[in-house]
Amino acid sequence: MVELQIPYSRIVSLPVGSTVTIRGKANNAFRKEPQMQVDFHTGTSAKSNIAFSFQVYFGKFVIMNTLQNEGWGTHEKSLSMPFEEDTQFELHILVLQKHYQVSVNGKQCCIFVHRIPVNSVQMIQVWRDVSLTSVNIQEGPYTHSPL
């Protein structure tokens, strides 16, 4: 299986109804405090504002936030740890009208209310201590009932 280069960046458009699916595995999970970070940037540079930042501290917690004008907003912390050691993960981020809905391996783990308009997202970036096998974007209306 081919691994994607880290950091992984991709120019995107994420209209409401889009789903971002990321498959991979933590490197050295739960041993040296590895992290994974998924950022939805409002520009095509890693230095642009971040509409949604999903930071996983494997074995501990998840933090979600936004970055505007080089300043982080109030972070939201989830003590739920849906990632398992030495196990491949499948992370889904569904873009809904009012929030992002995040699930891991088929189980919903968190919701993050939009602070920056979702139509401003231009790039996704996945980075830190993680191995990726795929990043897929599905645009268009989501056919299941959102929460």
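What you see is a predicted model, and the numbers here were worked out from it, not measured in a lab. Side chains are part of it too, since the values below use all heavy atoms of this structure and drop only hydrogens, waters and symmetry mates. Positions are given from 1, in the same order as the sequence printed here.
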Could you tell me how the ring of Tyr100 sits relative to the ring of Phe112: parallel (under 30°), tilted (30 to 60°) or perpendicular (over 60°)?
-> parallel
Got Pro82 and Lys107 here, is their nearest side-chain heavy-atom distance under 4.5 Å?
-> no
Assess whether side chain to side chain donor-acceptor pair (under 3.5 Å) is satisfied between Asn27 and Ser131, documenting all intermediate values.
-> CA-CA 6 Å; Asn27 293 335; Ser131 298; 2.6 Å; yes
Distance (rounded to the nearest 0.5 Å) between His114 NE2 and Thr66 OG1 = 12.5 Å
In this structure, CG of Leu67 is separated from CG of Asn49 (nearest 0.5 Å) by 6.0 Å
Do the ring planes of Phe89 and Phe58 sit parallel (below 30°), tilted (30 to 60°) or perpendicular (above 60°)?
-> tilted
Is the side chain of Arg10 donor-acceptor paired with the backbone N or O of Val135 at a distance under 3.5 Å, no angle test?
-> yes
No-hydrogen, no-angle side-chain donor-acceptor test under 3.5 Å, Asn136 and Gln138 | no
Distance from Leu91 atom CG to Phe83 atom CZ, nearest 0.5 Å?
-> 5.0 Å
Check whether any side-chain heavy atom of Ile124 lies under 4.5 Å from a side-chain heavy atom of Ile137, and answer yes or no.
-> yes
Do Tyr8 and Ile22 have side chains that get closer than 4.5 Å, going by heavy atoms?
-> no
For the residue pair Phe52 and Val95, establish whether any side-chain heavy-atom pair is separated by less than 4.5 Å.
-> no
Taking atom OG of Ser103 and atom CD1 of Ile93, what is their separation to the nearest 0.5 Å?
-> 9.0 Å
His92 side chain reached by Leu94 side chain, heavy atoms, under 4.5 Å | no
Single-linkage hydrophobic cluster Leu14~Val16, side-chain heavy atoms < 4.5 angstrom = yes
Does the side chain of Lys77 reach to within under 4.5 Å of the side chain of Ile63, using non-hydrogen atoms?
-> yes
SG on Cys109 to CE on Met64, rounded to 0.5 Å | 7.5 Å
If you look at every heavy atom in Asn65 and Arg115, which pair is closest and at what distance?
-> OD1-NH1, 3.1 Å
What is the minimum heavy-atom distance between Met36 and Val130, and which atoms define it?
-> SD-CG2, 3.9 Å
Might you work through the side chain to side chain donor-acceptor pair (under 3.5 Å) test for Ser48 and His41, ending with a clear yes or no?
-> CA-CA 6 Å; Ser48 61; His41 288 271; 3.2 Å; yes
Are Val56 and Met81 side-chain neighbours, meaning at least one heavy-atom pair lies under 4.5 Å?
-> yes
Nearest heavy-atom contact between Ser9 and Met123 is CB-SD, 4.2 Å
Report the C-alpha distance between Ser53 and Gln55 in whole Å, list the side-chain angles of each, state the deciding distance to 0.1 Å, and finish with yes or no for side chain to side chain donor-acceptor pair (under 3.5 Å).
-> CA-CA 6 Å; Ser53 181; Gln55 302 170 30; 3.1 Å; yes
Hey, quick one: are Leu4 and Val12 part of the same hydrophobic cluster, counting side-chain heavy atoms closer than 4.5 Å, chains of contacts allowed?
-> yes
From Asp39 atom CG to Arg128 atom CZ, the distance as rounded to the nearest 0.5 Å = 8.5 Å
Given side chains that start at C-beta, do those of Thr21 and Arg23 come closer than 4.5 Å, heavy atoms only?
-> yes
Spell out, yes or no, whether Trp127 and Val38 are grouped together once hydrophobic residues are joined by side-chain heavy atoms under 4.5 Å, including indirect joins.
-> yes
Linked, directly or transitively: Val118 and Ile50 (ILVMFWY side chains, under 4.5 Å) = no
